[in-house]
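Written below as structure tokens is the structure these notes are about.
Ligands are counted one by one from 1 in listed order, and the atoms in each one are counted from 1 as well. Residue numbers count from 1 along this sequence.
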Amino acid sequence: MDQFVVHPSGPLRGSVHAGGAKNSALKLMAACLLAEGRHVLRGVPHIVDVEIMADVLRSIGGRVAWVDADADADADADAGTGVVGEVGAPGDLVIDVPATLIPEAPYELVEKMRASVVVLGPLLARTGRARVSLPGGDDFGNRPIDIHLQGLTSLGASFETVHGYVEGVVPDAGAGGRLVGNRVVFEYPSHTATDNVLMAAVLAKGTTVLENAAREPEVADMADFLTAMGARITGAGTSRIEVEGVDELQPTTHRVIPDRVVAATFFAAVGLAGGDVVVVDARANHMDMLLRKLGEMGVHISQTTEGLRAESNGRLHSVDISTLPYPGVATDYKPFLVTMLSVADGVGIVTENLFSGRFRYVDELRRMGADIRNEGHHAVVRGVARLSGAPVRAPDLRAGAALVLAGLVAEGETIVTGAVHVDRGYEDFAGKLTALGADVTRVAG
Ligand code: EPU
């Protein structure tokens, strides 16, 4: 088991890139399925989840290749497809989508990454059929896809669950039948369900209105991408999105927005260790509520010509935190905030409103000396003067990153096993922290 070995290091200094947003890039990759031809995605992070989504697209019939610094991407991506189009610049992800798709996402891949379910909408829209393995529960607890299915059903699809797969079909699929626009009212503003239904709606006949849609910046990024492909969408980024269906889309080139959760990770690192760090690609308007909370805790964030600058003397004040759908404080930030509260002056009450199981890392923080009591959706965090290094286990991606941050202010050595969880969403996490002056090493287990 690969691990991170962390020692306290003092204040962090320098600048760092957050990189492209995982939760946008994964969905944009799926959206490529909506148009035959060559798509180029810029700024896609080199993370494990992107590789899994690339495998999903390959199993559907697509070709996916990174453009190397010196390689001829065209030669890589062209081989065997006969698709000719934009070549892409170094670092780009080139996705070639054929005319005929294999409308299936197999268990082996969906099981590795539940976000694979986002191919459901594009496959139904393009082929009139989709067979996608049902994602199981995960470390956050029960995570159903009923809202995705209700939305797609409103557009005319029907579903059956067979042998662990959800099988969807559009009426008269064999005779060119299409989804039909409708008014879809989401019971909850689910991020990925909004992506799925939005992608289905762009090729549906007529008008679709999504009410109580997710408002995440990544949904707006998806709409920008689809619009560049020829879709007609208004209102993305608000809770009411209107889509005028079109008959066909064209491939395009698009730059992914920066990752607000990775940016938040570096802000939290500065809050804990102290220092002065610029996250050059962070966008304040994607994280208003978080920046307010960080300010209340004593982390000063300012806009500079380069990006967002975080300054802290490492002394933190407690606040209460309640996670909510965007624009509220994202559940993804919570492990970093709870880690900060662990060493802040005072008591903070934390309420999780999205995922029932998202407090599992608290046991690990307790092993490091944190004073946290939790029951159900709530945790009470009493700040202690100092954490104490210990061997701990990363239960999931963000919690794993938070435990590494805890190690920055824990006496002695902290060993975080389960580094693979962190690799799912961070590009060279240890390297980026080390470049800022932290003492973090990734060790092969
Ligand atoms: N929900 C349902 N039914 C559904 C869909 C969702 O009951 O059909 C419930 C969930 O169980 C949960 C709540 O709705 O209680 C929120 O789920 P949502 O669908 O909004 O989350 P998601 O789209 O599955 C995305 C991110 C998560 C992030 C959440 C919340 C991706 C790939 N994942 O998940 O990010 O925590 O939104 O903002 O976009 C991560 O990056 O590691 C990650 C988990």
Proximal atoms of ligand 1 relative to R398 (non-hydrogen, under 4.0 Å): 41 (O)
Heteroatom proximity flag, I147 to ligand 1, N/O under 3.5 Å: yes
Atoms of ligand 1, numbered as shown, that sit under 4.0 Å from any heavy atom of D332: 27 (C), 28 (C), 35 (O), 36 (O), 38 (O), 40 (C), 41 (O), 43 (C)
Qualifying residue for side-chain contact (heavy atoms from CB on, under 4.5 Å) with R114, from I145, T192, L134: I145
Atoms in ligand 1 flagged as close to L397, the criterion being non-hydrogen separation under 4.0 Å: 42 (O)
Candidate list T265, L294, L290, test side-chain contact (heavy atoms from CB on, under 4.5 Å), partner Y333, passing option: L290
Interfacing atoms of ligand 1 (cut-off 4.0 Å, heavy-atom, N23): 26 (C), 27 (C), 31 (C), 32 (C), 33 (N), 35 (O), 39 (O), 40 (C), 41 (O)
R358 contact mode with ligand 1 (heavy-atom cut-off under 4.0 Å): side chain
Per-residue contact class, E218 against ligand 1 - non-hydrogen pairs under 4.0 Å: neither
Contact check: P144 vs ligand 1, nitrogen or oxygen atoms, below 3.5 angstrom: yes
Salt-bridge criterion met for R442 and D2 (N-O under 4.0 Å): yes
Whether F429 and F266 hold their rings parallel, tilted or perpendicular, with breakpoints at 30° and 60°: tilted
Option passing side-chain hydrogen bond (donor to acceptor under 3.5 Å, both in side chains) with K27 (candidates N196, T194, D195): D195
Any L26 heavy atom less than 4.0 Å to ligand 1: no
Contacting atoms of ligand 1, where contact means under 4.0 angstrom from a heavy atom of A115: 32 (C)
Side chain, backbone, both or neither: the part of K22 lying under 4.0 Å from ligand 1 by heavy atom: side chain
T331: numbered ligand 1 atoms lying under 4.0 Å from its heavy atoms: 30 (C), 36 (O)
For H148, the ligand 1 atoms whose distance to one of its heavy atoms is below 4.0 Å: 8 (O)
Proximal ligand 1 atoms for K27, defined as those under 4.0 Å from one of its heavy atoms: 31 (C), 32 (C), 39 (O)
R232/E244 ion pair, N-O < 4.0 Å: no
